[in-house]
Amino acid sequence: MAEMTLEGVDARPEDSAFALGRVHSIETMGTVDGPGIRFVVFVQGCPMRCAYCHNPDTWSVNGGTMVTVEHLMDEFQSNHEFYRSGGITVSGGEPLLQPEFLADLFCAMHNNPDGRVHTCLDSCGYAFDPAHPEKFDAVLNETDMVLLDIKHADPVEHKKLTGCDPARILAFGDELARRKIKVVIRHVVVPGITDTVEECEKLGCLIAPWHNVVGLEMLPYHTMGVVKYEQLGIPYKLEGVPQMDTARMPELRNAVMTGMKKRRAELKNAIG
Ligand code: SF4
């Protein structure tokens with residue numbers, strides 16, 4: 001991956017024990033990014049360029065606003081009661097571009113004076129560096145759950161769809177499995193790209209070795225993000241691709257489960 005740096009991020013202001021983060025926006029009543037009602041922080045900056053991304057305004061590593069952990073804690077505390085069954089999720093953009101900030105934020109949430117807060121990371125995994133996993137120790141030590149997006153099961157098609165090779169993402173999945181961190185796999189199903197039984201079975205095979213996977217979210221492709229591309233003057237690569245027919249989702253979900261079971265049986269037989 002080309003080195004991406006976020007200007008000013010992970011710097012520790014003299015009057016704070018915490019790193020600064022570059023944040024795109026905050027959602028105070030999130031219901032789709034992790035269990036329960038959640039305080040969701042969308043960070044700025046992403047190294048991937050998924051053709052269907054509905055947040056292209058989070059791509060630039062120079063946009064967003066510099067925010068302190070203390071500020072986010074204050075915002076969280078003002079609605080603390082709502083998050084009893086939920087917690088905090090950091091989404092993006094790609095959160096792993098700012099590991100120190102994430103570690104400080106999650107640590108502060110775990111040590112919340114009103115009770116430990118559940119922490120969840122919504123990540124594409126691509127900013128993980130398998131050559132230096134120690135850079136992510138602090139954040140992963142404070143992460144209760146990861147929503148891990150696997151964009152395509154085939155490496156060549158993955159690159160076409162996202163502009164990036166999936167090796168780092170799979171290495172991140174392996175690291176989460178090693179650490180036994182709960183993972184929910186997310187897969188966007190796009191007509192003509194990721195909507196075949198074969199691709200979904202292959203996805204099942206890929207995730208089969210990860211016994212920490214506790215959920216699978218198959219997300220039907222929609223075109224609601226297109227308007228942002230028009231506003232930003234960015235060409236939309238999936239022009240003309242229709243919304244996913246949701247009636248096919250159970251079949252494709254079953255295909256992932258079938259692939260996973262088949263691969264687990266093979267792995268079991270190989271061990272003997
Ligand atoms: S990883 Fe997420 S934020 Fe980044 S381009 Fe893909 S969909 Fe968009």
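The shown structure was predicted, so the numbers you read here are calculated from the model rather than taken from an experiment. We're numbering straight along the sequence, starting at 1. Worth knowing before you read on, the calculation uses all heavy atoms, side chains too, and leaves out hydrogens, waters and symmetry mates. Ligands are counted one by one from 1 in listed order, and the atoms in each one are counted from 1 as well.
- Under a 4.0 angstrom heavy-atom cut-off, Met48 registers as being in contact with ligand 1.
- Of all the heavy atoms in Cys50 and Lys151, the pair that sits closest is SG-CE, 3.5 Å.
- For the 3.5 Å distance criterion, the side chains of Asn141 and Arg179 qualify, holding a donor opposite an acceptor.
- Atom 7 (S) of ligand 1 has its nearest heavy-atom neighbour, among His54, His24, Arg186, Lys151, in Lys151.
- In the model, Asn112 has a side-chain atom that pairs as donor or acceptor with a side-chain atom of Gln77 under 3.5 Å.
- If you check which protein heavy atom lies closest to atom 3 (S) of ligand 1, you get Gly93 N, 3.6 Å.
- Counting only N and O atoms by type, the side chains of Glu157 and His152 include no donor and acceptor under 3.5 Å apart.
- Protein heavy atom closest to atom 6 (Fe) of ligand 1, with residue, atom name and distance, is Cys50 SG, 2.4 Å.
- Atom 8 (Fe) of ligand 1 has an N, O or S atom of Cys53 under 2.8 Å away, backbone or side chain.
- For ligand 1, the atoms lying closer than 4.0 Å to a non-hydrogen atom of Cys124 are 1 (S).
- Within the coordination shell of atom 4 (Fe) of ligand 1, defined by N, O or S atoms under 2.8 Å, Cys46 is present.
- To the nearest 0.5 angstrom, Ile169 atom CD1 is 7.5 Å from Leu148 atom CG.
- Proximity of Trp59 to ligand 1 is established by a heavy-atom distance of less than 4.0 Å.
- In summary, the side chains of Asp33 and Thr89 do not present any donor paired with an acceptor at a separation below 3.5 Å, with no hydrogens or angles considered.
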